[in-house]
Amino acid sequence: MVQKLRKAMTGAECSAEAMRQINPDVVAAYPITPQTPIMHSFSQFVADGAVETEFITVESEHSAMSACVGASAAGARAMTATSSNGLALMWEVVYIASGTRLPIVMNVVNRALSAPINIHCDHSDSMGCRDSGWIQLYSENGEEAYENTLMAVRIAEHPDVLLPVMVCQDGFITSHSVETVEMLDDETVKGFVREHNPVDPLLDVDHPVTYGPLDLFDYYFEHKKQQMVAMDKSAEIIRQVFDEFGSITGKKYDFFEGYMLEDAEKVIVCCNSSAGTIKAAINELREKGEKVGLLKMRVFRPFNNKQVVEKLKHAKAVAVLERAAGFGSHGSMIFNEIRSAFYEEPQKPGMINYVYGLGGREFDPAQAKKIYEDLEVVKNGELGELTRTIGVRD
Amino acid sequence: MSPALKSSKEIPIGGKIIEPGNSINYKTGDWRSFRPIHDAEKCTNCMICWMVCPDSAVKVGGPDCPVKGKKGTSSNPKLGNYGGIDLEHCKGCGVCAEECPFKAITMVEEKEIKE
C-alpha cells in the first residue's frame, strides 16, 4: 500500500531523506556549502542507526569520489554529494566513475565556481560536467530532488546503462528553503529502488576482475564508443523509470516538462528553481491574455533533441535561460543543444539566449516578464542580439 | 600487436578485464626500440636478468637449451639456465643489460638488427 506523506523540508533534507530510504552501502563525502546540509542530515541518520551505510568522512572531494569509485567497483551502492569547487576538485575522478561504468549517484547542489569566490547558486559546476559521461537530472524544488534521487538509482544501475547520475538542485534557493513536499513511505521506496545487483564486483573473489587497466589506442576508443551507446540507450531506460515511478506517485515525469505550453507563442526554457519563478510570471501574464509558456528541462544528459523540437516547434519565439556563462561560445550550453536540434526543422521559432542569475543573483518574475517582452520583438521577426544577459548591471 | 582486435560490442564495458591472467596475450614487443643481445661466452647462467626483468620476458631454458650461457651451466632441470628473451613481450627497457654482473647483455638499436 503506497502511502504519501506531506512534510515541510528543505531541498537538502529532501535529498538526505531520499538517501535514507535508499540506504546505500557506502557514502563518502566532504563538506562544502551549500551541499553540507545533505550530509549533515544524512550523518545524523547514520548516527541514529536509521541506515546501515558505511559513512566515510574523507579529506577532500577528490577522495570522496575516489572512495565512491572504489566502493562501487567492490560491489557497493555508493553515493555522495557536492557543490561548486568540490565538484571541480573531483573532476578527474568524475570521469573515472563514468569511464569505469560505475553507477554512482551524486547530489550536486549547484553553486558558482570561483573566482571570485561565491557560495550562491549558478550552474557552472554541473554544466562544466556536461561531457563527463554522467547522466544529469535537474530539480525545480526539493520534491523533485527527492524524486530524481530515487529514480537516479534505478537509472544508473540498469544493466543497459551502468552510468553515474548527477542530481542537481539550486544552492540555497532550493537546498536551504523549506517547502511542502510529498514523499513516499519507506517500504514503497525500498520496493522501487530494489536490491543492488552489482556487475563484476571486485569482492566476488571467485570471479577475479581487473578495474582500471591501461587501455591504449587499440581499445580505448571502443570503450568510449560503449559509453556513447550506453548514454544514448539510457534515454529509453529513463523513460521506463519515469513511467514506473509515475505510476507510484501518480505524476508524470519527462525529459522536458511544459507549463502552459500547448498554445504558447512565447516560451522560456530553463532548468531548476527559476522554473517556479517563471511559472508565477506566466500566471500573471496569462490573466492578461498573453500566450506565454515554459519548457523546463529535467534531463540534460542524455539530451532529448527530438522531444525538445516536438515541444517547441509550435512556438514563435523562444528564450533559453542559462545560469552559467559559456565564455566565448556562440550561446551557452542548453541554448546550443536546442538551437542545433532545430537545424533540420523547416518550422522553427526565433531563438535567443540569456545568461542570468550568476553567483546567486536574484532572478525574479520581473526579469521573466522582461524576457517575454523581448520575445514579443523576436516573435515579430526581429531576432536582435542572439546571446544576451539579464539582471546584470551593464 | 595483439591477436585479432574485437569490436566495442564484444568486449567488457568500462575497460575491465574479467578473464584473469590474460596479460600474456597483450604483446608489448613492438614498443621496443633497443633489443637485448646476449653473449653466451660471458654468461654464467646466474639468472639475475630473469629476476630483474619487469616484464618476465627472460625465458628459462633446460640443461640442453641451445642459447644458454657457456659458464656455470646447470644440469639440474629444476634450476634451469638462461633460455633467451621473449621478444613478443620485451619492451627493451635495458634493466637486464644494466644489472648483468658479467656484461653479457648489450642493448642494440632495433634498426641496426638485420634478421
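Quick note on labels: first sequence line is chain A, next is B, and so on, each numbered from 1. Everything numeric here is computed off the predicted structure, so don't read it as measured data.
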Enquirer: What residue, out of A:Gln226, A:Lys225, A:Lys224, A:Gln227, has the most heavy-atom pairs lying under 4.5 Å from chain B?
Expert: A:Gln226
Enquirer: Parallel, tilted or perpendicular: which one describes the rings of A:Phe300 and A:Phe303, with boundaries at 30° and 60°?
Expert: perpendicular
Enquirer: For residues 12-23 of chain B, give me every residue with a non-hydrogen atom less than 4.5 Å from any non-hydrogen atom of chain A.
Expert: B:Pro12, B:Ile13, B:Gly14, B:Gly15, B:Lys16, B:Ile17, B:Ile18, B:Pro20
Enquirer: Heavy-atom distances under 4.5 Å only: say whether A:Val229 touches chain B with side chain, backbone, both or neither.
Expert: neither
Enquirer: Run the side-chain hydrogen bond (donor to acceptor under 3.5 Å, both in side chains) test on A:Asn107 and A:Gln35 for me, step by step, so that the C-alpha distance in whole Å, both residues' side-chain angles and the decisive distance to 0.1 Å come before the verdict.
Expert: CA-CA 8 Å; A:Asn107 267 275; A:Gln35 172 281 121; over 6 Å; no
Enquirer: Contact part of A:Leu162 toward chain B, heavy-atom cut-off under 4.5 Å: side chain, backbone, both or neither?
Expert: side chain
Enquirer: Can you run down the side-chain hydrogen bond (donor to acceptor under 3.5 Å, both in side chains) pairs that involve residues 97-106 of chain B, sequence neighbours left out, and say none if there aren't any?
Expert: none
Enquirer: When you look at B:Lys6 and A:Glu222, which way does the salt bridge (charged side-chain N to carboxylate O under 4.0 Å, His left out) test go after all the steps?
Expert: CA-CA 9 Å; B:Lys6 293 177 179 171; A:Glu222 277 67 28; over 6 Å; no
Enquirer: Could you tell me whether the side chain of A:Phe245 reaches within less than 4.5 Å of the side chain of A:Arg154, counting heavy atoms only?
Expert: no
Enquirer: If I take atom CE from residue B:Met51 and atom CD1 from residue B:Ile48, how far apart are they, to the nearest 0.5 angstrom?
Expert: 5.0 Å
Enquirer: What distance separates A:Cys168 SG from A:His123 NE2, expressed to the nearest 0.5 Å?
Expert: 8.0 Å
